[in-house]
Amino acid sequence: MNLRYPAEAPHPTVRRLVVGEFDEGPEYATYRRRGTTDWLLVQTLDGQGRFGQVAAAPGSVTLVRPGTEHDYATVGDRWHFLYTHMHPKPDWLPLLDWPEVAPGIVQLHPAEPTFDRIADHLRDAVRHQHSVLPQAEQLSANSLEAALLWCDTQNPKAVQIDDRLLRAIELIDQDLTANLDVPRLARAVSLSVSRFAHLFRAQLGVTPQQFVEHRRLDAAARLLELTSRPVASVAAQVGYADPLYFATRFRLHTGSSPTAYRKRS
């Protein structure tokens with residue numbers, strides 16, 4: 001019999017998301033003439049694959065839109081990749097508006113530090129998917145959302161933030177109790193103090209000091225909402241040694257004292 005199309009691959013059953021990691025040899029190939037009803041995301045870690053004529057080289061992240069033909073396979077001896085079949089939440093859709101490289105196929109090439117962060121979050125999504133916790137699917141979805149947000153930082157169609165500023169923000173979020181003054185942050189990302197401060201204000205709209213304070217006070221608000229820790233303990237955990245000064249700054253930030261904010265929440 002002369003077949004017009006290759007053999008049709010099974011269609012995955014995707015309620016919300018299915019994530020995984022494949023390390024495939026030269027024989028790996030998948031064909032679905034009408035694609036699927038979900039989005040397919042593939043992050044190539046090593047080796048190489050293809051989507052039709054579109055290369056999926058190491059360092060690339062590829063998205064295939066619903067209803068787009070699936071014709072993907074290993075190129076060469078190996079294709080090692082992380083994948084996600086997903087039905088995105090409505091508020092994720094702007095995060096999926098990447099440059100189109102073929103009809104129904106979009107692709108990014110993130111810078112190396114960000115590429116690794118994306119892979120870490122996708123692997124977290126895989127790990128959570130196999131958890132026995134009743135919250136496993138939501139945890140997996142949260143990790144996937146984090147991966148998409150990091151992808152968005154590399155999307156030329158989105159507002160771009162300098163990679164050095166992204167490293168500084170990550171440093172801030174790692175330890176809010178640390179010394180996070182401008183000279184230390186500037187040194188950490190290999191910029192002069194004046195250049196760092198100017199770039200930060202230009203791209204993020206606030207000074208580095210304002211950004212750090214907002215991060216600390218937002219973290220304090222979450223702790224007040226979700227824990228019963230004393231206000232002084234919350235202040236110390238987000239980098240304020242003086243509870244009275246913390247309370248003053250918190251009131252200016254939220255319009256309420258820490259105690260009133262907790263009661264209202």
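Starting from 1, each residue takes its place in the sequence as its number.
- Without hydrogens or angle criteria, Q107 side chain to V101 main chain gives no donor-acceptor distance under 3.5 Å.
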Could you walk me through whether R262 and T227 pass the side chain to side chain contact (heavy atoms under 4.5 Å, CB included) test, one step at a time?
CA-CA 9 Å; R262 170 173 275 161; T227 76; 3.8 Å; yes
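- The salt bridge (Lys or Arg N to Asp or Glu O under 4.0 Å) contacts involving residues 172-198 comprise D173-R215, where partners must be two or more places apart or lie in separate chains.
- Other members of the cluster containing V132 do not exist, because no ILVMFWY side chain is joined to it at under 4.5 Å.
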Go through it in stages, so that I can follow the logic: the residues are L41 and L122, the test is side chain to side chain contact (heavy atoms under 4.5 Å, CB included), and I'd like the CA-CA distance, side-chain angles, deciding distance and then a yes or no.
CA-CA 10 Å; L41 179 148; L122 290 178; 3.9 Å; yes
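- Note that CD of E137 is 11.0 Å distant from CG of L144, once rounded to the nearest 0.5 Å.
- Considering every non-hydrogen atom in both V206 and F200, the closest pair reads O-CD2, 3.4 Å.
- H80 and E21 share a side-chain donor-acceptor pair at under 3.5 Å.
- Electrostatic pairing of D162 and R164 counts as a salt bridge here, judged by a charged N lying under 4.0 Å from a carboxylate O.
- Shown here is Q53, whose CD atom has no more than 12 heavy atoms of other residues, nucleotides or ligands within 6.0 Å.
- R65 is linked by a side-chain hydrogen bond (donor to acceptor under 3.5 Å, both in side chains) to E100, counting only residues two or more places apart in sequence or in another chain.
- Atom CZ of R127 sits in a crowded spot, with more than 12 heavy atoms from other residues, nucleotides or ligands closer than 6.0 Å.
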Worked verdict on Q154 versus D163 for side chain to side chain contact (heavy atoms under 4.5 Å, CB included)
CA-CA 9 Å; Q154 306 296 296; D163 281 341; 3.4 Å; yes
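- Looking only at atom types and distance, the side chain of R78 has no donor-acceptor partner in the side chain of Y28 under 3.5 Å away.
- Within a 6.0 Å sphere centred on CZ of R15, heavy atoms belonging to other residues, nucleotides or ligands number 12 at most.
- Under the 3.5 Å distance criterion, the side-chain polar atoms of E145 are left unmatched by any main-chain donor or acceptor of W92.
- Applying the 6.0 Å contact sphere to CD of E112 captures no more than 12 heavy atoms from other residues, nucleotides or ligands.
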